[in-house]
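Below you'll find the structure, written out as structure tokens, and then a few comments.
Here the structure is a predicted model, which is why all the values come from computation and not from measurement.
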There are 2 protein chains.
Amino acid sequence: MRQQAPVRKGVGRPRKGDQDKSDSASRILDEAEALFAAHGFHGVTLREIAARAKVDAALLHYYFQHKKGLFDAVWERRAEVLNRERLDAMERYASTHAGRMTVEGAIEAFLGPLMDPQRHREAGWRNYFTLAALVSNSAAWGGEMMGRFFDPVVKRLIELIATALPDARQDELYWSYHMLSGALMLTLSETGRLDTLSGGLCSSADIESLAPRMVRYAAAGFRALCQPAR
Amino acid sequence: MRQQAPVRKGVGRPRKGDQDKSDSASRILDEAEALFAAHGFHGVTLREIAARAKVDAALLHYYFQHKKGLFDAVWERRAEVLNRERLDAMERYASTHAGRMTVEGAIEAFLGPLMDPQRHREAGWRNYFTLAALVSNSAAWGGEMMGRFFDPVVKRLIELIATALPDARQDELYWSYHMLSGALMLTLSETGRLDTLSGGLCSSADIESLAPRMVRYAAAGFRALCQPAR
DNA sequence: GTCTATAACTGGATAGAC
DNA sequence: GTCTATCCAGTTATAGAC
């Protein structure tokens with residue numbers, strides 16, 4: 001009678017105030033995020049998540065109905081935050097640099113919220129990024145999930161770069177974005193491969209070093225494809 | 001008495017001749033490859049694999065002991081072929097172009113066997129590439145599995161590019177390779193994302209278009225990072 | 001080599017008490 | 001909201017007949 005069935009949206013239900021951080025539902029989301037990121041959807045059991053969140057397993061169903069519902073809630077929670085920030089960053093850049101936008105500037109705004117060193121110090125965000133990277137390269141879900149949430153951000157980036165490179169063909173912009181996206185996702189995946197490959201010379205967790213290089217590398221790539229007859 | 005237990009290596013056991021293609025063991029490998037690529041290790045059951053390969057489920061254990069053994073066999077079967085071909089291609093390039101190697105040439109040799117259009121028409125190879133892309137971005141296995149089999153090829157690529165860009169710093173070569181690797185893996189993942197994102201303008205399955213662009217994009221990126229004070 | 005049978009367990013999900 | 005109890009379908013893996 002007081003409040004009956006679980007609602008389908010987001011983060012379970014706070015009572016009326018919104019101090020819902022660190023209560024059961026968001027602890028569940030945090031641990032689900034960490035485990036899904038590490039082992040993928042099928043590599044994790046609801047019991048594991050419940051145990052690590054220190055809640056009863058039945059609670060996961062109470063809040064999120066089924067496993068996929070929990071996964072989606074994890075996915076959406078931070079996607080919305082990121083989308084807002086990235087669109088804002090690009091808008092800010094576009095309006096402060098109208099008429100003199102550069103490829104580098106556009107990419108920097110696009111990447112900013114994903115490469116923020118502060119954010120990479122938070123385990124929650126790092127786990128989320130790792131999850132996104134895994135989903136990105138998964139044949140079954142990659143196209144759908146990445147597209148559903150992140151396409152508007154990408155479209156905006158391409159508009160900005162098209163302004164900076166007015167002679168660029170649309171398809172070359174998309175090909176170029178594809179390369180950037182791959183590099184970004186591998187970076188976020190935190191497999192540690194670069195570390196061992198380079199014998200410790202580089203670490204993919206070292207985003208302070210990586211971010212500016214990703215901008216320069218990608219900008220050069222965009223120019224090579226989109227500014228051909230030069 | 002004749003032959004007792006399964007051996008631990010590779011592709012089950014051919015009798016004495018080696019016409020083992022299309023018999024049970026390799027059908028199992030083919031179907032496992034397709035399913036692992038689509039859903040990941042945990043997203044697939046041995047029963048499914050057996051059903052699709054039209055063999056009894058117990059046979060999978062006879063040949064490969066356990067699920068992980070089957071997965072490893074799938075992984076190794078084509079890894080060895082690829083490694084040989086890629087090293088050969090780079091060696092051929094290095095010896096025919098001694099003293100006049102280019103970044104483009106080195107990358108082209110490195111990518112060649114992965115981007116061969118003929119090969120991309122075979123479902124088996126396509127599945128394998130998809131699987132590699134998935135593993136590549138998986139936090140749990142990516143570092144270990146990619147490194148164990150593919151590091152020598154990467155090391156050789158970096159040597160060749162270092163010859164073409166003699167002033168390059170080692171770490172910048174590794175950072176650059178990281179970007180190339182990410183783009184390559186996303187390409188191989190075949191999620192269809194680029195297709196819908198671009199509204200059909202581009203398709204990531206269209207490797208005839210993608211391959212030369214990947215070479216140019218990456219070469220420009222390498223130069224941007226490794227040839228700084230120019 | 002292939003198949004039957006089954007052991008031994010784990011998975012997601014739900015009903016209902018508190 | 002949280003927990004107990006439980007259902008039952010599906011999982012890997014093995015023993016042993018043919």
- Message: Is the distance between the ring centroids of Trp175(A) and Tyr217(B) under 6.0 Å?
- Response: no
- Should we say atom NZ of Lys54(A) is surrounded by more than 12 heavy atoms from elsewhere, each under 6.0 Å from it? no
- Task: Provide, to the nearest angstrom, the distance between the NE2 atom belonging to His66(A) and the P atom belonging to dT14(C).
- Result: 9 Å
- Does Ala183(A) offer a backbone N or O that forms a donor-acceptor pair with the side chain of Thr187(A) under 3.5 Å? yes
- Side-chain touch Trp141(B)/Thr191(A), heavy atoms, less than 4.5 angstrom: no
- Task: Take the protein atom OH of Tyr62(A) and the nucleotide atom P of dA17(C), then report the distance between them rounded to whole Å.
- Result: 17 Å
Which atom pairs link the protein and nucleotides 5-11 of chain C when you take only N or O atoms and keep those under 3.5 Å?
residue	atom	partner	partner atom	Å
dG11(C)	N7	Arg47(A)	NH2	3.0
dG11(C)	O6	Arg47(A)	NH2	3.3

- Message: Can you tell me how the ring of Trp75(A) sits relative to the ring of Phe149(A), calling it parallel under 30°, perpendicular over 60° and tilted otherwise?
- Response: perpendicular
- Query: Does His178(A) reach the side chain of Cys202(B), with side-chain heavy atoms less than 4.5 Å apart?
  - Reply: no
- Task: Give the nucleotide from the list dT2(D), dG12(C), dT2(C) with an atom nearest to the side chain of His61(A).
- Result: dG12(C)
- Between atom CD1 in Ile49(B) and atom P in dG10(D), what is the gap in whole Å? 17 Å
- Task: For Arg77(A) and Ser26(A), work out which heavy atoms get closest and say how close.
- Result: NH1-O, 4.1 Å
- Item | Leu60(B) CG - dT2(C) P separation (whole Å) | 11 Å
- Message: In the structure I gave you, are the side-chain heavy atoms of Met179(A) and Leu210(B) within less than 4.5 Å of one another anywhere?
- Response: yes
- Message: Expressed as a whole number of angstroms, how long is the span from Leu59(B):CG to dC3(C):C1'?
- Response: 8 Å
- Please give the angle, rounded to 10 degrees, between the axes at the start and the end of the helix from dG1(C)-dC18(D) to dC18(C)-dG1(D), where five pairs define each axis. 10°
- Note on the structure: Between CZ of Phe64(B) and P of dG1(C) the distance, given in whole Å, is 13 Å
Taking only distance into account, with no hydrogens and no angle test, what donor-acceptor pairs under 3.5 Å do side-chain atoms of residues 84-91 of chain A form with protein atoms, sequence neighbours excluded?
residue	atom	partner	partner atom	Å
Glu85(A)	OE1	Arg119(A)	NH1	2.8
Glu85(A)	OE1	Arg119(A)	NH2	3.3
Glu85(A)	OE2	Arg119(A)	NH2	2.8
Arg86(A)	NE	Phe110(A)	O	3.0
Arg86(A)	NH2	Phe110(A)	O	3.4
Glu91(A)	OE1	Arg156(A)	NE	3.0
Glu91(A)	OE2	Arg156(A)	NE	3.3
Glu91(A)	OE2	Arg156(A)	NH2	2.6

- Integer-rounded Å distance: dG1(C) P and Ile28(B) CD1: 12 Å
